[in-house]
Amino acid sequence: MAEEKSPLEQEHLSTQLGTEWVIKFYRLLKGAMLYDRKNVLIDHLIQECLQVVNDIIQSEGNLFLKIVRDNFFFNNIRMIIKADKYPLFKAFWHEMRKRRIGEVEVLEEMSREDLREFIYLISGLEEGNESNYLYLNQRLENRNIESVRVGKLESFKDEEIYIDSEDQKKYSKEIYFKSIALIKEVIDSIQQQKMLNIRKAKRLMQNAVNTILQDDSTLLGLANIKHYDEYTFNHSVNVAIYAMVLGHRIGIPKKHLSHLGMAGLFHDIGKTKIPKDILNKTEKLTPEEWAMMRYHPVMGTELIMKMKEWGELSTRMMNGAFEHHLRYDLTGYPRLTRKRKVSLFGRIITLADFYDALVRPRVYNRFPYVSEKILGIMLERSGKDFDPVLVKVFINMIGVFPLGTLVLLNTNEIGIVTQIHEETELIDRPKVCLIYYKDGEYRKGDVVDLRERDEESKEFKRSVVKTLDPNEYHINIAEFAL
Ligand SMILES: [Fe+2]
Ligand SMILES: [Fe+2]
């Protein structure tokens, strides 16, 4: 009997087998698009692909690849695509997408001739025809080929906005800065007791969710960069982003994710009722002032209750505003007379709020914590202040060195983290954009991958020694990381 594998081992295995298969299959497909079926090169490519297919059938029993949006599932487990394989997967994805084929299933060992038929059928499919999969399966049946079947590529309503990574970055930035502008507008409206433009906020959060579903790195990166000066506005947007990305990672459905974003965006809405001089005070607050500050969750809830514009959202919004300082074990504020559980939205926003508040302190003279330290505090208070399950997911999401972190390397170079690898074991080996000092200013150097090893010694070429405070070095992170 086969030994039980842990989910991580499963994921690893599926990624490995799936990657091998995709590489060989894609090569064969390209070959079939270029050469006719009698070409010797095709014979060779078929042989290579066949080897992998039949090995997988022997060990796993079947082979099933499914594409959902730009995610690949191999035998029903999501594959983690390695950075160096990404271009190949993207090219493969394009070919499959053109043909509207989203599933390939091999049910038994294939013969050379079956595979040859199959690859020429698939390569010859008409572009964009939604019934290609029916046609293809029919043809396979007619030829008595029972070893393989295909399925349709499911399309999603919002997929037309699928954008390439550069556009994606631009688009994410637009959302980020529009959200900041919107928060300013909302705060003004509240202070002048005008109607709120809730529709606009909802639309923005829906767009944010769409980009997070495709790639969360740019929005996360924007939230991680600690350079922006207008605390309140940025804080709200950052909390919304952290909350939505975290929500996405624990599987909250799309519709609710945008609600979570809204709740995050307005969690501190009660602070609009606190006089500015208390909010911005840099000296120690008096006990009365503290009491006022600690009252903001209640004031926020009252504000939300009073405003009709929230509609179906209002309960969720109140969760965010009321619960974000309650703490998991209810030892925070406001003090409750009757004990109850903090809602999921409340627990998520608590984490997002805590992280962002410590990483970018409101008051200038307070020392900002480095991210590792905050994650450490979170772990320590896991189960007391924070939901222990969410803490784990959050730490994974931020990574040991978050995007935008300034780091010192063992080569004495400094750089900024620009990409984090998804595999947990490589979390401390991100991609780093080197920075060097020349003619009186800092300049962008090469982007290096800390996974790279020296060819002779097999040791890692570069490793992070420690994180640095960009303020100390007068480096404007935003300039380099965006
Ligand atoms: Fe707060
Ligand atoms: Fe907050």
Side-chain angles (χ1 to χ4, degrees), residues 176 179-180 182-184 186-187 190-191 201 205 208 219-220 222-226 228-247 259-276 278-282 285 289-305 316-336 342-364 366 368-369 371 374 377-378 381 385-387 390-391 394 398:
Y176 189 86
S179 305
I180 288 182
L182 177 102
I183 289 283
K184 288 184 192 172
V186 167
I187 290 175
I190 292 174
Q191 277 158 354
M205 286 304 107
L219 275 180
L220 257 189
L222 284 163
N224 279 337
I225 293 166
K226 301 152 217 161
Y228 306 108
D229 36 24
E230 291 176 276
Y231 178 78
T232 321
F233 311 128
N234 293 304
H235 173 64
S236 309
V237 178
N238 292 348
V239 169
I241 292 171
Y242 290 133
M244 286 187 287
V245 176
L246 180 59
H259 296 176
L260 180 58
M262 290 288 285
L265 211 48
F266 295 108
H267 75 281
D268 270 339
I269 198 172
K271 285 196 179 165
T272 53
K273 293 287 177 196
I274 299 176
K276 272 216 173 86
I278 300 182
L279 272 182
N280 299 329
K281 193 171 170 185
T282 48
L285 297 180
E289 287 167 338
W290 257 119
M292 182 94 160
M293 280 291 254
R294 290 163 72 101
Y295 201 55
H296 79 270
V298 176
M299 289 191 282
T301 315
E302 281 170 1
L303 259 174
I304 292 165
M305 272 198 307
R316 305 284 201 177
M317 304 291 300
M318 282 192 270
N319 285 155
F322 189 74
E323 298 176 341
H324 73 277
H325 294 289
L326 265 184
R327 293 184 181 168
Y328 188 61
D329 60 4
L330 301 175
T331 54
Y333 60 91
R335 292 249 85 124
L336 298 184
V342 182
S343 72
L344 178 62
F345 274 31
R347 280 176 275 152
I348 292 176
I349 292 171
T350 302
L351 269 177
D353 180 54
F354 181 82
Y355 181 80
D356 191 65
L358 281 199
V359 99
R360 287 174 321 106
R362 181 179 57 87
V363 183
Y364 269 112
R366 210 185 292 158
Y369 283 93
S371 167
I374 305 173
I377 299 176
M378 282 181 165
R381 300 197 194 160
D385 294 6
F386 310 114
D387 180 330
L390 292 179
V391 167
F394 193 87
I398 298 290

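One-based numbering, in listed order, for ligands and for the atoms of each. All of these numbers come straight from a predicted model, not from anything done at the bench.
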Residue His296 atom name (nearest to the Fe ion (ligand 1); N/O/S): NE2
Backbone N/O of Val342 and side chain of Arg347: donor-acceptor pair under 3.5 Å: yes
Arg335 (side chain) donor-acceptor with Thr331 (main chain) under 3.5 angstrom: yes
Between His325 and His267, ring centroids under 6.0 Å: no
Short N/O/S contact of Asp268 with the Fe ion (ligand 2) (below 2.8 Å): yes
The Fe ion (ligand 1) contact by His267, N, O or S atom under 2.8 Å: no
Test applied, ring pair (Phe, Tyr, Trp, His ring centres under 6.0 Å); reference residue, Phe394; option that passes from Phe354, Tyr355, Phe386: Tyr355
Considering only N, O or S atoms of Asp353, the one closest to the Fe ion (ligand 2): OD1
